[in-house]
Amino acid sequence: MPRSPKKARRLVADGRTYLWTVRHGHRVLDDGGCRKTLTLHTHPSGTGGLLRFVFDEGPGRYVSGFTTGSGEVGAAAGALNLHEPGTVRFLLDAALDRGWDPEERREAKVDGWTFLEAAVAARG
């Protein structure tokens, strides 16, 4: 039986458990362009922070939709599939390296495109 795309997936990294989801949306207040959001939160709920990687469609950048794979984001530097656990782990580690603290009980929203080139290179 295939897994439900709306159900959070589990990732354990450095002894901490996270749940993560990938969502597709549209920017209502701007041009209505597409957006992919990868959200990680500590588990159990309430034990730490929330981290959102936002990938907004724009010139030279695409997010998957009707004609491409459901979790794909890409630009000239390459493409990533946000449904792959290895991609999620790389993005989490990169955010931790850049100072995100999972102990802080707040939401952190980051521009996912700033991680794309390094993630593509690391994922090969």
Side-chain angles (χ1 to χ4, degrees):
M1 172 188 274
R3 66 178 313 283
S4 168
K6 294 191 185 259
K7 184 176 179 185
R9 296 180 71 178
R10 188 171 162 260
L11 174 71
V12 178
D14 301 324
R16 180 179 290 276
T17 302
Y18 300 88
L19 296 179
W20 59 280
T21 58
V22 177
R23 297 286 188 260
H24 181 87
H26 299 95
R27 298 184 307 268
V28 177
L29 299 177
D30 293 329
D31 60 3
C34 293
R35 165 182 285 169
K36 281 285 183 215
T37 305
L38 166 65
T39 303
L40 291 110
H41 62 89
T42 55
H43 183 74
S45 184
T47 61
L50 180 80
L51 176 60
R52 294 188 196 278
F53 292 90
V54 179
F55 295 86
D56 285 328
E57 183 179 57
R61 298 174 172 175
Y62 73 91
V63 298
S64 60
F66 182 69
T67 60
T68 57
S70 71
E72 192 171 299
V73 296
L80 294 174
N81 185 337
L82 300 178
H83 289 300
E84 293 178 355
T87 298
V88 175
R89 176 62 193 261
F90 178 86
L91 293 171
L92 171 62
D93 288 345
L96 291 167
D97 289 345
R98 292 185 189 186
W100 180 66
D101 183 1
E103 301 274 332
E104 287 186 29
R105 292 186 178 185
R106 64 177 184 85
E107 177 179 341
K109 189 183 291 187
V110 298
D111 179 358
W113 297 113
T114 63
F115 296 84
L116 181 77
E117 191 170 337
V120 167
R123 301 282 298 147

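Quantities reported herein were computed from a predicted structural model and do not represent experimental measurements.
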Check against side chain to side chain contact (heavy atoms under 4.5 Å, CB included), T42 and T17
CA-CA 6 Å; T42 55; T17 302; over 6 Å; no

Rounded at 0.5 Å granularity, tell me how far CD in E72 sits from NE2 in H83.
10.5 Å

If only atom types and distance count, is the side chain of W100 paired as donor or acceptor with the main-chain N or O of G49 below 3.5 Å?
no

Six-ring centre of F115, R98 cation under 6.0 angstrom, axis tolerance 45°:
yes

Atom CD of residue position E117 - does it have more than 12 heavy atoms of other residues, nucleotides or ligands inside 6.0 Å?
no

Flag side-chain contact, heavy atom, 4.5 Å: V73 against Y62:
no

Just how far is it from atom CG of L80 to atom NZ of K36, taken to the nearest 0.5 Å?
13.0 Å

If I take atom OG1 from residue T47 and atom CZ from residue R105, how far apart are they, to the nearest 0.5 angstrom?
7.0 Å

Answer whether the closest heavy-atom distance between the side chains of P102 and L96 falls below 4.5 Å.
yes

Roughly how far, to the nearest 0.5 Å, is OH of Y18 from CG of L51?
8.5 Å

According to a 4.5 Å side-chain heavy-atom criterion applied to Ile, Leu, Val, Met, Phe, Trp and Tyr, with indirect links allowed, do F53 and L50 form part of one hydrophobic cluster?
no

Measuring from atom CZ of R61 to atom CH2 of W113, what distance do you get when rounded to the nearest 0.5 angstrom?
6.0 Å

Going through the checks in order, is the side chain to side chain contact (heavy atoms under 4.5 Å, CB included) test met by L19 and R9?
CA-CA 5 Å; L19 296 179; R9 296 180 71 178; over 6 Å; no

Side-chain heavy atoms of T87 within contact of L82, under 4.5 Å
yes

Tell me whether E107 is salt-bridged to R52, with the criterion being a basic N under 4.0 Å from an acidic carboxylate O.
yes

Under 4.5 Å between side-chain heavy atoms, counting indirect links through other Ile/Leu/Val/Met/Phe/Trp/Tyr residues: same cluster for V120 and V22 or not?
yes

Between E84 and R89 (salt bridge meaning N to carboxylate O under 4.0 Å), is one present in this structure?
no

Using only atom types and a distance under 3.5 Å, with no angle test, would you say the side chain of H24 pairs donor to acceptor with the backbone of S64?
yes

Do V110 and V63 belong to the same hydrophobic cluster, where Ile, Leu, Val, Met, Phe, Trp and Tyr are linked whenever their side-chain heavy atoms lie under 4.5 Å apart, directly or via other members?
yes

Dump the intermediate steps for side chain to side chain contact (heavy atoms under 4.5 Å, CB included) on L11 and V88, then the final yes or no.
CA-CA 9 Å; L11 174 71; V88 175; 4.0 Å; yes

Ignoring hydrogens, what is the shortest heavy-atom contact between L116 and G78? Give both atom names and the distance.
CD2-O, 3.8 Å

As an exercise, state the distance from CG of L40 to CG of L92, rounded to the nearest 0.5 Å.
5.5 Å

